[in-house]
Amino acid sequence: AEEGMVSLVRAVKNGDEKRALEVFYKLEDEGRETKFYNRVLGMFGDAFSSEAAEKVYDELGRRNVRPSVQTFSIMMKYLAAEGRMDKAEEMFSLIKRTGFDPNRSAFNSLISARGKRGDIRGAERAFEELRSLKIHPNNVTFNLLLSALRDAGQIRKMKRYFTLMRRFGLEPDVITFSIVIDALGKKGHVRAAESALQDMKSRDIQPNIVTYNTLLKVYAANDLPDRVEETRTAMEQAGVRPN
RNA sequence: GCACUACUUGCCG
């Protein structure tokens, strides 16, 4: 069993989809549980494609292995990444039709999928549905909404969600701030981006490599070479190395 | 716990 996984991982690493599938089919002949399929789903989705992941997914049905909520979330991720929204939405529906209750991560996956497609309305509807089910959102939930709104350039709405976090007992984190800084910079609101950075620091959240890359991007896009230099210096002083 | 979040660059598809 252990050896089989090793050769599966090796085939996936080598990018050999055909070989990986063969090993997978052989392994599942030994009788496997949901968790195994979910793992393989992730490996195939990351290394190959949503179609490859679907081949694994189809085996669950063929072998009468019951999927889990995670199974559908994993599929949604790969389908949405390739723009296959109808299929991704279908996966979310299948959670309910299979008799499961979608949990917070499942809703987060739905928000992510819709947000990626620029479907702000849909992402917000997913958030509202989550709330109506009395599921507590987490930082990921809000960061996903903010990220979608950033892509759509909807700063005002971002502010509303940013404020709303606190009402759920949540505090913005380093990811929240990098989304906010990026969004403001894209709009040319450099001073606002800088005050977001200050806000972050005042909460004792340390800028990380992504924060600095975002700042560099903001300054470069707004033709502020001096600020770029200052940021590089700040990075060095903070011991954050360019990646 | 096997699923969900930000930036840059490269590689593969």
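Reminder, nothing fancy here: chain letters follow the sequence lines and each chain counts from 1.
Among the nucleotides rU8(B), rA3(B), rC4(B), the one closest to any side-chain atom of Val140(A) is rC4(B). Of the candidate nucleotides rA3(B), rU5(B), rU8(B), rU5(B) has the atom nearest to the side chain of Ser112(A). Taking the side chain of Ile179(A) as heavy atoms from C-beta on, and the options rC2(B), rA6(B), rC4(B), the nearest nucleotide is rA6(B). Candidate nucleotides rG1(B), rC4(B), rC7(B) were compared by shortest atom distance to the side chain of Lys77(A), and rC4(B) ranks first. Residue Asn213(A) has its side chain nearest to rU8(B) when only rA6(B), rA3(B), rU8(B) are considered. Of all nucleotides listed (rU5(B), rG1(B), rA6(B)), rU5(B) comes nearest to the side chain of Leu144(A).
In this structure, Met75(A) places its CE atom 13 Å from P of rC4(B), rounding to the nearest Å. Residue Lys35(A) contributes atom NZ, which lies 10 Å from atom P of rG1(B) at whole-angstrom precision. Rounded to whole Å, atom C1' of rC7(B) lies 10 Å from atom CG of Leu216(A). What separates CZ of Arg104(A) from C1' of rU5(B) is a distance of 13 Å, to the nearest Å. Rounded to whole angstrom, the span from the CE atom of Met43(A) across to the C1' atom of rA3(B) amounts to 15 Å. Atom P of nucleotide rC4(B) and atom CG of Leu170(A) are separated by 19 Å, given to the nearest angstrom. Following rounding to the nearest Å, Ile111(A) (CD1) and rA6(B) (C1') show an atom-to-atom distance of 16 Å. Phe44(A) has its CZ atom 17 Å from the P atom of rA3(B), to the nearest Å.
Within a 6.0 Å sphere centred on CG of Asp86(A), heavy atoms belonging to other residues, nucleotides or ligands number 12 at most.
For rA3(B), its base sits under 3.5 Å from the side chain of Asn103(A) at one donor and acceptor pair at least. Side-chain to base pairing of Asn208(A) with rA6(B): one donor and one acceptor N or O lie within less than 3.5 Å of each other.
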Side-chain polar contacts of residues 160-167 of chain A - donor-acceptor pairs under 3.5 angstrom, sequence neighbours left out - could you list them?
residue   : atom : partner   : partner atom : Å
Tyr161(A) : OH   : Glu124(A) : OE2          : 2.6
Thr163(A) : OG1  : Lys159(A) : O            : 2.9

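A ring-ring contact (aromatic ring centres under 6.0 Å, His included) with His136(A) is found for exactly one of Phe142(A), Phe168(A), Phe127(A), namely Phe168(A).
Summarising the geometry, atom CD belonging to Glu90(A) is positioned 6.0 Å from atom CZ belonging to Arg97(A); distances are rounded to the nearest 0.5 Å.
A sub-4.0 Å separation between OP1 or OP2 of rU5(B) and a side-chain N or O of Arg150(A) is absent.
Checked for salt-bridge contact, Arg62(A) and Glu59(A) meet the test: a charged N lies under 4.0 Å from a carboxylate O.
Comparing Lys217(A) and Asn38(A) by the nucleotide of RNA chain B that holds the closest heavy atom to each, the one mapping nearer the 5' end is Asn38(A).
Counting non-hydrogen atoms under 4.0 angstrom, Ser73(A) reaches a base of the nucleic acid.
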